[in-house]
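Beneath this line is the structure, given in structure tokens, with notes to follow.
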Amino acid sequence: MKVVLAIDLGTTGNRVIAFSEDGAIVAKSYYEFPQIFPQPGWVEHNPFDILNTTMKALKDVISLVGIDSIVSIGITNQRETTILWDRKTGNPVYNAIVWQCRRTKEICDRLAEYSHIIREKTGLPLDPYFSATKIKWIIENIEGVRERIDKGNILFGTVDSWILWNLTGGKVHATESGNASRTLCYNIHTLDYDDELLAIFNLPERIFPEVKESGGYFGNTDRELTGREIPITGILGDQQASLFAQGGWEEKVVKNTYGTGLFLMTSTGKDLPGSGRLLNTIAWRIEGEVNYAMEGSIFVGGSCIQWLRDGLKIIKASADTESMAESLGSNEGVYFVPALTGLGAPYWDPTARGMIIGITRGTGREHFARAALEAIAYQTRDVIEEMERTTGMNFKKVRVDGGAVKNNFLMQFQADILNTVIERPLLIETTAFGAAGISGIASGFWSREEFFNARKVDRMFTPEMDKDTGDTYYSQWKEAVKRAMNWVEG
Ligand code: ADP
């Protein structure tokens, strides 16, 4: 049997999965690695922890499937996380600064006058989330790095590049367009690093990885590491990989990942329609053609269910919320705005805070559970309406993945609130599947159609609520959001 391997480099752990031609998981291995929090709001990883857990998982899977069965490898990664290392020794000059890390807020404030031009050229807001200010922080704060850069000894990469460079025995320093488009230094119109952006951040182009197509040959793994050279033929960032796995190259397909947060993405093809209150980014570049995407992220999704479990302790397991919500005929007027860390897309209000409103003497735990699940569905509609408004698209269907899609109440309520069909695939590890897909298509393991047909639908949820009732619920939610905004000092 032949397989394609996906290396899924996540924020809390690394996973390797072997997929067979029919899309089945043949073998997998996963290792967590430590999160490092040096100060409030700072998040780091040790790059060797990332590398070692990846190699362990890779070796496990190779020994399970046999080296000769592996056709190619695809990589998917936590995006934006920034690593600088020495090209001679392979040693990082500092820990990886993780996408969640807010330490560069002050650098962003200093550069605020350029935010318009940055948005224009990259599709992104000037925010600590993206790589450029993280690179700048390392250069400004770690002694000797600037001199080592001048000597040509320092390389920058996101986690995909770090692992690619190591897997190829230090031979290949590259990334692909989607990951590059999250650095704030890559112009999404010209598809190249941009001199003006590099000058704004005062970053030298020589440290950046070469940008290749997302699907195509990147290099071979080093024989010493894997026992035989294996071609690496695809890279995609995590959200892009999930969109790819969901067949996101078709028109009018939107995917929503229901994990800790909610991550919505749709392809806009060759068009860059402007992003309204969302982000424009590159989905992928294949066979010379770029595919743009629109993205909306919500900070609190499944994590409001975790808060009911670990903070309030009113449920034992996340799954309990399904029967609790179903035990009520309606929300009975109780709404939960989970602005626990402010509000992201499309409100962008860091001063908002969480709120539960509509409580009466008859309110119980069930109302809290239902209101939390409903909030996930309303926030999704907020972003989808913004996507439809800015692109002029009208989505017929939402394809879903992530841990919380197991909740049938949530899925049905989502279909009702959007008045749209929800399609849940059997395999919800879509990021890994997307990485296997981009690699397998480039290596000839699958055609695009064969890959998409390997994806199996578990269940479709069709709207059951009449549209007016759904709209009434949703307008009450919008009222509640207004009251949660502008709460703390900005
Ligand atoms: P991540 O990859 O962001 O860590 P996952 O995709 O593993 O997240 O999803 C986990 C999230 O989904 C958690 O926040 C959890 O509370 C939520 N979740 C898991 N199962 C359910 C369920 N049956 N109902 C509601 N939420 C759930």
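- Ring geometry for W307 versus F336: interplanar angle of 30 to 60°, hence tilted.
- In this model, a donor atom of one side chain and an acceptor atom of the other lie less than 3.5 Å apart for T81 and Q78.
- With 3.5 Å as the limit, one finds no donor-acceptor pair spanning the side chains of Y31 and N52.
- A side chain to side chain donor-acceptor pair (under 3.5 Å) with E423 is found for exactly one of Q246, K397, K255, namely K397.
- Listed by chain and number, the residues in a side chain to side chain donor-acceptor pair (under 3.5 Å) with E80 are R182 (sequence neighbours excluded).
- Residue K456 places its NZ atom among more than 12 non-hydrogen atoms of other residues, nucleotides or ligands, all under 6.0 Å distant.
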TODO: Check the pair W85, W165 against ring-ring contact (aromatic ring centres under 6.0 Å, His included), reporting the backbone distance first and the verdict last.
DONE: CA-CA 11 Å; W85 69 95; W165 188 84; 5.6 Å; yes
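- Using a 30° and 60° split on the angle between ring planes, Y94 and W137 fall in the tilted class, from 30° to 60°.
- Donor-acceptor pairing under 3.5 Å is recorded for the side chains of N408 and R424.
- Contact annotation: the side chain of I17 never approaches that of V61 to less than 4.5 Å [non-hydrogen atoms, C-beta and beyond].
- For the salt bridge (charged side-chain N to carboxylate O under 4.0 Å, His left out) condition, the pairs that include at least one residue of residues 1-29, sequence neighbours left out, are K28-E429.
- Identified under the salt bridge (charged side-chain N to carboxylate O under 4.0 Å, His left out) test for residues 406-415, with sequence neighbours left out: none.
- Heavy atoms from other residues, nucleotides or ligands lying under 6.0 Å from CD of E224 number 12 at most.
- Among F33, W99, W162, the single residue meeting the ring-ring contact (aromatic ring centres under 6.0 Å, His included) criterion with H45 is F33.
- In terms of heavy-atom proximity, I305 sits nearest to A372 at CD1-CB, 3.9 Å.
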